[in-house]
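Working notes for the structure below.
So that the names make sense, note that chain A is the first sequence line, chain B the second, and so on, each numbered from 1.
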Number of protein chains: 2
Amino acid sequence: MILISTRDRIVERADTLFYEGGFEATSFADIAEAVGISRGNFYHHFRTKDDILDAVIDRRLERTRGMLEGWQGEGANPRERILSFINMLIANRTKIMAFGCPVGTLCSELAKLDHAAHARATDILGLFRDWLTAQFRTLGAGDRSEPLALHLLSWSQGVAVMAAAFRDEAFIGNEVAGMEAWLVSLTENSFKTKEH
Amino acid sequence: MILISTRDRIVERADTLFYEGGFEATSFADIAEAVGISRGNFYHHFRTKDDILDAVIDRRLERTRGMLEGWQGEGANPRERILSFINMLIANRTKIMAFGCPVGTLCSELAKLDHAAHARATDILGLFRDWLTAQFRTLGAGDRSEPLALHLLSWSQGVAVMAAAFRDEAFIGNEVAGMEAWLVSLTENSFKTKEH
DNA sequence: GTCTATAGCCGGATAGAC
DNA sequence: GTCTATCCGGCTATAGAC
């Protein structure tokens, strides 16, 4: 039997609720109810709502690192690893069509709230950027590695926003196919051309 | 002297506040203070916060139609008109880096709130989609017109999300250059290839 | 049309018993 | 560690005077 600490359960449920309902709109009562504890007990684990947000971002940073390490081990080459990234859009399409990208939407919300945690939420995107940059560098993209990484990350963010707006699954499929074709064209051209 | 009704001033200020602070986080008091009226007076014009949101979306729909008509008149050809769309990212870059895209972020927020106005907010994106589709069709893109329109709209949404996260102006410039090159490659190939 | 005053609720946060 | 009870403030919304 696995015992999960109340603190961890709070962070786990808060993570989900922040994703599905937004940070601002999620109340202590919502989280307490989801965890199954009283509101008062809450403050034994976290002093403020911002502390929970910090813990949620920590959790996401940790899980993102784990996921990237997993892709690193599974993929035989950088192209396959990048495909693992792209495939996230397909694997998570149902939730993305309902709530968008967990990271992108959090960054957008925290930007508007002018929240101190905005920079740390952006660090999660930074993990993807750096990992993708490393993949493109291994592919031989040289100085273009980071712009290419940012472009693909940006592309996926756009697809997530549009998917949550139009709720169009076929659109996601089209764009993912476009990403894969783009990746093929990059490797075929061996990064000799400047445009994609 | 131009007289603007209190109602219009409420909608105008609410539009700005919803953009810069988010719908949920903006209170009646915030709007009343921005307009310079009392909270009580508010309910003479709008019964609920959702009514204000509806009016704000109406305003955005109207202004978007006006903007698209303007581009239609200014641009000598569809390529130039599409460039007007792309140029929005440059013209509004300061606000986009601070708050993201007004439409994309509103759709994302309303999706999480499971708000009834989500579909109408998406209609604003739909105006861009349909207008861009018409431009690509005039360019001779045929059946690919709508996918191309959705792709460009999606691309711009991704850039807005990333710009608001990383606050990187150079990134916006790179992506806009990429969009322009993509548009050139499309017209040069006269839509004979399937990939971009 | 605009105001003040206020109802009623819910938010985050605290104190203290067990 | 968990609970109940509670405070305070801000929120939406209403009533009614001017």
Side-chain angles (χ1 to χ4, degrees), chain A residues 1-59 106 109-110 112-118 120-121, chain B residues 1-57 59 106 109-110 112-118 121:
Chain A
M1 179 175 175
I2 299 169
L3 291 175
I4 302 171
S5 71
T6 301
R7 195 199 133 94
D8 287 346
R9 279 166 55 225
I10 291 173
V11 176
E12 182 193 329
R13 303 302 279 157
D15 193 342
T16 303
L17 290 170
F18 288 173
Y19 173 36
E20 300 184 356
F23 169 68
E24 180 84 4
T26 300
S27 70
F28 273 171
D30 294 333
I31 306 173
E33 188 188 14
V35 176
I37 60 172
S38 70
R39 263 162 295 167
N41 187 10
F42 224 102
Y43 293 84
H44 179 74
H45 302 280
F46 295 97
R47 285 180 55 251
T48 70
K49 196 179 176 185
D50 288 351
D51 289 342
I52 303 176
L53 177 60
D54 281 336
V56 166
I57 293 174
D58 282 340
R59 174 187 154 93
L106 181 63
E109 181 177 2
L110 296 181
K112 282 178 198 283
L113 296 176
D114 202 19
H115 197 288
H118 174 266
R120 294 192 63 245
Chain B
M1 178 175 173
I2 299 169
L3 291 174
I4 303 170
S5 72
T6 301
R7 195 199 135 92
D8 288 345
R9 279 166 55 226
I10 291 173
V11 177
E12 182 194 330
R13 303 301 281 157
D15 192 342
T16 304
L17 290 170
F18 288 173
Y19 174 35
E20 299 184 356
F23 169 67
E24 179 84 3
T26 300
S27 70
F28 274 175
D30 293 333
I31 305 172
E33 188 189 15
V35 176
I37 61 171
S38 71
R39 264 162 295 167
N41 187 10
F42 223 102
Y43 293 84
H44 179 73
H45 302 280
F46 295 97
R47 285 180 57 252
T48 70
K49 198 177 173 184
D50 288 350
D51 288 341
I52 303 177
L53 178 60
D54 281 337
V56 166
I57 293 174
R59 174 188 153 93
L106 180 63
E109 182 177 0
L110 296 181
K112 282 176 198 285
L113 296 176
D114 202 20
H115 197 289
H118 174 266

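Aromatic pair B:Tyr43/B:Phe28: centroids less than 6.0 angstrom apart.
The number of heavy atoms from other shown groups lying within 6.0 Å of CG (B:Asp114) does not exceed 12.
Minimum interatomic distance between A:Phe46 and A:Ala55 (heavy atoms only, all atoms of both residues): CE2-CB, 3.8 Å. The nearest pair of heavy atoms linking B:Gly21 to B:Thr26 is C-OG1, 4.3 Å. Looking at every heavy atom in both residues, B:Phe23 comes nearest to B:Lys49 through O-NZ, 2.9 Å. Of all non-hydrogen atoms in B:Ala25 and A:Leu113, the two that sit nearest each other are CB-CD2, 3.6 Å.
At a non-hydrogen distance threshold of 4.0 Å, nothing from residues 11-32 of chain A comes into contact with DNA chain D. In the region residues 36-48 of chain A, proximity to DNA chain D at under 4.0 angstrom, judged on heavy atoms, holds for A:Ile37, A:Ser38, A:Gly40, A:Asn41, A:His44, A:His45.
Put simply, the side chain of A:Arg9 gets close to the backbone of A:Val35: a donor and an acceptor are under 3.5 Å apart. Remark: side-chain polar atoms of A:Asp30 are paired, donor with acceptor, to backbone N or O of A:Ser27 under 3.5 angstrom.
Note on B:Asp8 versus B:Arg59: no salt bridge recorded, every NZ/NE/NH1/NH2 to OD/OE distance being 4.0 Å or above.
Once you apply a 4.0 Å limit to the heavy atoms of chain B, the touched nucleotides of DNA chain C run 5' to 3' over C:dG1 to C:dT4.
For the atom pair B:His115 NE2 and B:Glu24 CD, the distance stands at 8.5 Å (nearest 0.5 Å).
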